[in-house]
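Notes to accompany the following structure.
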Protein chains: 2
Amino acid sequence: MNVPNIKDLVDRYIAVSFSVEKKAASLVKNQIGSDLTNDQHFTLRYINQVGSCTSSELAEVFDVKKSAITAMITRMWEKGLIQRTRDENDRRVVYLTLTEKGSELYVKAEEKIHNLVESLINRFDQAEIQQFIETFEKLDKVLSQSNGQ
Amino acid sequence: MNVPNIKDLVDRYIAVSFSVEKKAASLVKNQIGSDLTNDQHFTLRYINQVGSCTSSELAEVFDVKKSAITAMITRMWEKGLIQRTRDENDRRVVYLTLTEKGSELYVKAEEKIHNLVESLINRFDQAEIQQFIETFEKLDKVLSQSNGQ
DNA sequence: TTTAACTGTTCAACTATTTAACTATTAACG
DNA sequence: CGTTAATAGTTAAATAGTTGAACAGTTAAA
């Protein structure tokens, strides 16, 4: 059979997605290793992007419970990477921002990851990798819809 | 700019890979929820595929330390999903196999995941998703090379 | 036969996560 | 207004997964 049927594709997708996930994580850990876990790096990344956000916002973006965010933020706060500031108008709300140290650490790690990913991407034909990323982004949207229900 | 440069592609890849990883995990957890974690499911999947394997083999495949495997296997062994059998010729070695219960649980969960992934894949043009998976598999190989060094 | 290598386990420490109970604050409405 | 709802975030206990270091038992090599 030259044309794979749906069942084959499903099998291959399941296998390859798990494999790539694991290998990418371990590659980042081994080659970056910046005292930041994957989740911590992406938390810094998000806060850096939006400038300032709340725990609830992070919980929704990362699709975990708020208490998980509290725990993670506390660990990074203890390392001096993140600042907590109470809103003076609504004193329930706590704004999260990067400290200088957090920002510097993030930028350094991000640069390394960038180089790493670039070296991977450069091993592909540009049209191929571009199409790949576009389909990946479509998949991301489809997953958002599926999860939202 | 119609043609994205490399930096854009790298940014987009980093963002989308993390997002899809999180969303897929949470979708599986919410819609499958079979008393198995993701890692446990993939462990059962691997053992089911090869029939029988050792801790060291799993540690290498999943790229974690052997003590992590011991802990995970112990948890599944306590649930009656996995059997440990000492090699009579080389008494250092312990073979891991699925129990009846482990096999049944795996097959049930696998079927659900299969249906879920199929429903996702069916929302794409078949040629597009096929190309996507092929590039994904190439990426997997590239990551293997990068990790092996 | 002593030494080296290998397989797997245990233990302490850590990150990440959920659930449930809780505090403090703000909003709603009767 | 005052009681009740909802909201934002935290705490605590439990579980999963992970590393690193030390260790036991077994086999291979010198």
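Just so you know, these numbers come straight off a predicted model, no measurement behind them. Just so it is clear: chains get the letters A, B, ... in the order the sequence lines come, proteins before strands, and each one is counted from 1.
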Ignoring backbone atoms, establish whether Lys22(B) has a side-chain N or O less than 4.0 Å from OP1 or OP2 of dT17(C).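 So the side chain of Lys22(B) is within the cut-off, an N or O lying under 4.0 Å from OP1 or OP2 of dT17(C).
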
For a quick test of reading the model: is some side-chain N or O of Ser55(B) closer than 4.0 Å to OP1 or OP2 of dT9(C)?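 Affirmative; the distance criterion is met.
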
Quick check: on DNA chain D, is the nucleotide nearest Ala71(A) upstream (toward 5') of the one nearest Asp90(A), or the reverse? Name the residue that is more 5'.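 Its nearest nucleotide lies further toward 5', so the answer is Asp90(A).
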
Starting at the 5' end of DNA chain D and moving along, which residue's nearest nucleotide shows up first, Ala68(B) or Val94(A)?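 Between the two, 5'-proximity favours Val94(A).
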
For Lys29(B) and Arg86(A), find the nucleotide of DNA chain C closest to each by heavy atoms; which residue's nucleotide sits nearer the 5' end?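 Mapping each residue to its closest nucleotide by heavy atoms, the 5'-most match is Lys29(B).
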
Closest-nucleotide ordering on DNA chain C, the 5'-leading residue of Asn38(A) and Ser67(A):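 Counting from the 5' end, the first nearest nucleotide belongs to Asn38(A).
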
Between [atom2] of [N] and [atom1] of [X], the distance in whole Å:
X: Glu78(B); N: dT15(D); atom1: CD; atom2: P; answer: 10 Å
X: Leu96(A); N: dT10(D); atom1: CG; atom2: P; answer: 8 Å
X: Asp63(B); N: dT19(D); atom1: CG; atom2: P; answer: 8 Å
X: Gln40(B); N: dT15(D); atom1: CD; atom2: P; answer: 13 Å
X: Leu58(B); N: dT9(C); atom1: CG; atom2: P; answer: 11 Å
X: Lys66(B); N: dA24(D); atom1: NZ; atom2: C1'; answer: 12 Å
X: Arg75(B); N: dT10(C); atom1: CZ; atom2: P; answer: 13 Å
X: Tyr95(A); N: dG9(D); atom1: OH; atom2: C1'; answer: 13 Å

Quick check on dA5(D): syn or anti? Syn means the glycosidic torsion is within 90 degrees of zero.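 For dA5(D), whose glycosidic angle is within 90° of 0, the conformation is syn.
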
Ser17(A) side chain to Tyr13(A) main-chain N or O, any donor-acceptor pair under 3.5 Å?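 Flag set: sc Ser17(A) to bb Tyr13(A) pair under 3.5 Å.
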
For Asp39(A), is there an ion pair with Lys22(B) - N to carboxylate O distance below 4.0 angstrom?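 Salt bridge: yes.
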
Give a yes or no on whether a salt bridge exists between Arg45(A) and Asp11(B), defined as a side-chain N under 4.0 angstrom from a carboxylate O.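 Answer for the salt bridge query: yes.
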
Just compare [options] and give me whichever is closest to any side-chain atom of [X].
X: Thr37(B); options: dG9(D), dA27(C), dG17(D); answer: dG17(D)
X: Met72(A); options: dT25(C), dT17(C), dT26(D); answer: dT17(C)
X: Thr54(A); options: dA6(D), dA16(D), dG9(D); answer: dG9(D)

Using Watson-Crick or G-U wobble geometry with both distances under 3.5 Å, which nucleotide pairs with [N]?
N: dA24(C); value: dT7(D)
N: dC11(C); value: dG20(D)
N: dG2(D); value: dC29(C)

Residue among Thr54(B), Asp87(B), Thr85(B) satisfying side-chain hydrogen bond (donor to acceptor under 3.5 Å, both in side chains) with Tyr95(B):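 When Thr54(B), Asp87(B), Thr85(B) are each tested with Tyr95(B), the side-chain hydrogen bond (donor to acceptor under 3.5 Å, both in side chains) holds only for Asp87(B).
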
Distance-only polar pair, side chains of Ser56(B) and Lys66(B), donor-acceptor under 3.5 Å: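 There is no such pair (donor and acceptor under 3.5 Å, judged by atom type) between the side chains of Ser56(B) and Lys66(B).
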
Can you establish whether the number of heavy atoms outside Asp125(B) located under 6.0 Å from its atom CG is more than 12?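 For Asp125(B), atom CG is crowded (more than 12 foreign heavy atoms under 6.0 Å).
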
